[in-house]
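For reference, the structure is listed below as structure tokens.
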Amino acid sequence: MAKAKQVFVCSQCGYESPRWMGKCPGCGAWNTMVEEVVQQAPARSAVPATHARAVRLRDVQMQEMARDSSGIGELDRVLGGGIVPGSMVLLGGDPGIGKSTLMLQMSHHMAEAGKRILYVSGEESPRQIRMRAQRLEARAEQIYLLAQTSVEAILAQIEETGPDVVLIDSIQTMMCGDITSAPGSVSQVRESTARLLRGAKENGYTVFLVGHVTKEGAIAGPRVLEHMVDTVLYFEGDRHHQYRILRAVKNRFGSTNEIGLFEMQSSGMVEIENPSSVLLRTHAAQAAGAAVVCSMEGTRPVLVEVQALVSTTSFGTPRRMASGFDHNRMALLLAVLEKKARLPLGNQDAYINVAGGLRLDEPAVDIGICAALASSLYSLSVPQGTVLVGEVGLTGEVRAVSQLERRLAECAKLGFTRCIVPREGLGRIKVPEGIEACGVGDVRGALEALFGKHPAL
């Protein structure tokens with residue numbers, strides 16, 4: 001009989017130790033060692049390994065990588081153009097954000113296109129899934145439901161059904177019978193994923209895994225889970241608001257810079273094909289402290305409103321808070337404004353917010369953040385119809401950004417008439433009709449182009 005023993009496994013990297021430790025020696029994370037009971041397998045006779053021959057890189061046969069459409073344009077965009085057969089996709093997000101809804105809608109569209117779908121649920125009964133499908137009007141004939149948590153039973157059902165796409169909701173509920181630890185443990189999640197991945201690669205069907213997230217926002221379970229799959233998607237947004245953002249953090253078959261935007265309605269997830277018009281729907285043109293910037297999200301230019309609030313501090317050290325923008329980058333821009341543009345911000349609290357729940361990581365929005373801060377400090381409104389694009393350096397210069405022509409075209413399409421852009425590289429692009437491109441060299445020049453020779457500046 002196999003002998004059981006207790007080990008401690010790191011939930012981040014999978015490092016195993018016979019005793020508990022506060023800090024994992026493998027990845028250096030604290031308080032991640034989880035106790036598990038494992039069963040030692042009986043000794044087996046040595047089996048000669050099969051030898052694979054190395055081949056030259058140039059001798060590897062190339063073939064066109066076919067993709068299947070999910071029926072949801074925003075999801076296809078984030079996946080890099082569609083679903084690659086034989087791949088494994090991991091979708092994570094907060095509870096109630098809409099992961100299962102999105103997967104069920106995708107199942108309906110793909111089944112309508114002739115694909116066979118197997119929806120495996122370890123948390124809900126088939127009746128509950130049917131109730132959601134009725135609300136979403138997903139009644140395709142080629143959707144099969146299976147309420148099961150045993151990986152062995154799921155693989156047997158896959159072999160019997162022969163699906164094109166398998167949905168696992170969720171991977172933390174799956175378990176392998178020959179592993180004694182509880183579902184959701186490091187060894188169970190790792191082994192369940194490995195067996196499903198092996199089946200997908202050998203038989204060519206696509207597997208979508210729905211994953212729970214921790215309170216820090218990372219996918220629960222071992223960190224190795226994200227290394228095993230081909231694509232990792234995060235579904236973001238506040239469940240109390242209607243907008244949802246789908247973002248790729250890993251994609252072996254495409255870019256990780258694309259985002260998909262959805263609106264949660266009673267009928268399910270509705271695609272937003274023009275995010276700029278939606279994100280600027282409530283933009284107050286004459287409000288002090290608000291500015292419009294243009295950020296590139298992959299190949300798509302998106303116009304977003306950034307808001308700033310500057311007020312005299314009541315404490316010895318002023319507060320600096322940012323939502324949707326990097327806090328350290330905000331501190332850098334405040335220092336540049338105080339040193340190079342001579343704005344008195346040393347005794348002011350400063351707050352930054354990106355409207356719509358987006359997170360802006362691109363440096364091209366720097367000049368818009370600076371304009372919003374100056375606008376709030378002096379209660380001056382950014383002129384109506386103006387967009388700001390440019391990166392701000394430590395010496396106060398406004399640096400050139402990529403794809404400026406595409407950004408200007410998006411501004412013109414949405415009715416903006418003036419754009420503050422870096423002077424460098426402006427002469428090498430074609431400015432669209434109906435928009436004035438005002439080139440500036442430094443941050444003080446940008447503020448003067450916006451507010452003129454104001455006495456406060």
Side-chain angles (χ1 to χ4, degrees), residues 68 70-72 75 83 88-177 182-185 188-189 192-193 195-196 199-200 203 205-213 219-221 233-235 237 239-240 242 244 246 262-271:
D68 297 326
S70 66
I72 304 176
L75 178 58
I83 300 171
M88 177 174 278
V89 181
L90 176 62
L91 174 64
D94 294 331
I97 203 71
K99 304 183 296 295
S100 300
T101 299
L102 181 65
M103 290 293 98
L104 196 55
Q105 285 184 251
M106 184 195 72
S107 301
H108 170 72
H109 291 302
M110 296 193 72
E112 289 287 328
K115 301 294 183 181
R116 181 172 295 185
I117 313 297
L118 178 61
Y119 193 110
V120 182
S121 176
E123 302 173 345
E124 298 178 290
S125 66
R127 182 175 298 178
Q128 289 176 294
I129 301 174
R130 174 63 190 274
M131 291 174 60
R132 186 188 302 117
Q134 187 171 0
R135 175 173 57 86
L136 301 176
E137 298 183 356
R139 304 187 183 94
E141 294 292 331
Q142 294 297 314
I143 301 178
Y144 295 83
L145 301 180
L146 177 64
Q148 183 60 260
T149 59
S150 171
V151 174
E152 292 83 0
I154 293 170
L155 292 174
Q157 192 63 39
I158 290 174
E159 185 176 354
E160 179 183 340
T161 310
D164 299 296
V165 178
V166 178
L167 305 175
I168 307 293
D169 188 6
S170 66
I171 188 59
Q172 279 81 14
T173 62
M174 299 296 117
M175 60 179 297
C176 300
S185 62
Q188 284 284 10
V189 172
S192 299
T193 304
R195 295 185 186 184
L196 292 168
N203 301 295
Y205 55 81
T206 304
V207 177
F208 279 83
L209 305 177
V210 176
H212 298 164
V213 296
I219 294 179
L233 307 179
Y234 276 89
F235 215 23
R239 63 177 178 173
H240 300 295
Q242 68 269 35
R244 304 287 188 268
L246 185 65
F262 298 86
E263 183 176 1
M264 173 65 90
Q265 297 183 1
S266 59
S267 58
M269 294 292 174
V270 178
E271 301 176 65

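Keep in mind that this is a model prediction, so the values were computed, not measured.
In this structure, I143 and A111 approach most closely via the heavy-atom pair CG1-CB, 3.7 Å. The minimum heavy-atom distance linking S121 with I129 is given by the pair CB-CD1, 3.6 Å. Residue P183 comes nearest to M175 through the heavy atom pair CG-SD, 3.8 Å, listed as atom of the first residue, atom of the second, then distance. When all heavy atoms are compared, the tightest approach of I171 to G211 is CG2-CA, 4.2 Å.
Atom CD of E141 and atom CD of E112 lie 9.0 Å apart (nearest 0.5 Å). Rounded to the nearest 0.5 Å, atoms CE (M264) and CD1 (I97) are 7.5 Å apart. Put simply, CD1 on I168 and CZ on F208 are 12.0 Å apart, with the number rounded to the nearest 0.5 Å. Atom OH of Y205 sits about 6.5 Å away from atom CG of L196, to the nearest 0.5 Å. Separating the CE atom in M88 from the CG atom in L209 is a distance of 4.5 Å, to the nearest 0.5 Å. With rounding to the nearest 0.5 angstrom, the CG atom of L167 is 9.0 Å from the CE atom of M110.
With sequence neighbours left out, E263 forms a side-chain contact (heavy atoms from CB on, under 4.5 Å) with Q242, Y243, Q265, I272. Residues meeting the salt bridge (charged side-chain N to carboxylate O under 4.0 Å, His left out) test with D68, sequence neighbours left out: K115. For Q142, the side-chain hydrogen bond (donor to acceptor under 3.5 Å, both in side chains) partners at least two apart in sequence or on another chain are R116. Applying the side-chain hydrogen bond (donor to acceptor under 3.5 Å, both in side chains) test to H212 and every residue at least two apart in sequence or in another chain returns E123, S170. In this structure, the side-chain hydrogen bond (donor to acceptor under 3.5 Å, both in side chains) partners of S185, at least two apart in sequence or on a different chain, are S181. Residues that satisfy the side-chain contact (heavy atoms from CB on, under 4.5 Å) test with P126, not counting sequence neighbours, are L145, A147. Looking at residues two or more places apart in sequence or on another chain, you find a salt bridge (charged side-chain N to carboxylate O under 4.0 Å, His left out) between E152 and R195. With sequence neighbours excluded, the residues that form a side-chain hydrogen bond (donor to acceptor under 3.5 Å, both in side chains) with S70 are D76.
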Side-chain atoms of residues 132-139: list all donor-acceptor pairs with protein atoms under 3.5 Å, sequence neighbours left out, distances to 0.1 Å.
unit_1: R132; atom_1: NH1; unit_2: E124; atom_2: OE1; d: 3.4
unit_1: R132; atom_1: NH2; unit_2: E124; atom_2: OE1; d: 2.9
unit_1: R132; atom_1: NH2; unit_2: E124; atom_2: OE2; d: 2.6
unit_1: R135; atom_1: NH1; unit_2: S266; atom_2: O; d: 3.2

Which pairs of donor and acceptor atoms, one on a side chain in residues 100-107, lie under 3.5 Å apart (sequence neighbours left out)?
unit_1: S100; atom_1: OG; unit_2: D169; atom_2: OD2; d: 2.7
unit_1: Q105; atom_1: OE1; unit_2: M269; atom_2: N; d: 2.6
unit_1: Q105; atom_1: NE2; unit_2: M269; atom_2: O; d: 3.1
unit_1: S107; atom_1: OG; unit_2: M103; atom_2: O; d: 2.8

Could you pull out all donor-acceptor pairs under 3.5 Å where a side-chain atom in residues 153-163 meets a protein atom, sequence neighbours excluded?
unit_1: Q157; atom_1: NE2; unit_2: T161; atom_2: OG1; d: 3.2
unit_1: T161; atom_1: OG1; unit_2: Q157; atom_2: O; d: 2.8

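Judged as a salt bridge (charged side-chain N to carboxylate O under 4.0 Å, His left out), not a single pair has a partner in residues 88-99 (not counting sequence neighbours).
Residues C176 and V151 meet the side-chain proximity criterion, which asks for heavy atoms closer than 4.5 Å. The shortest side-chain heavy-atom distance between L91 and L246 falls under the 4.5 Å cut-off.
Q172 places no side-chain N or O within 3.5 Å of a backbone atom of V189 that could act as its donor or acceptor partner.
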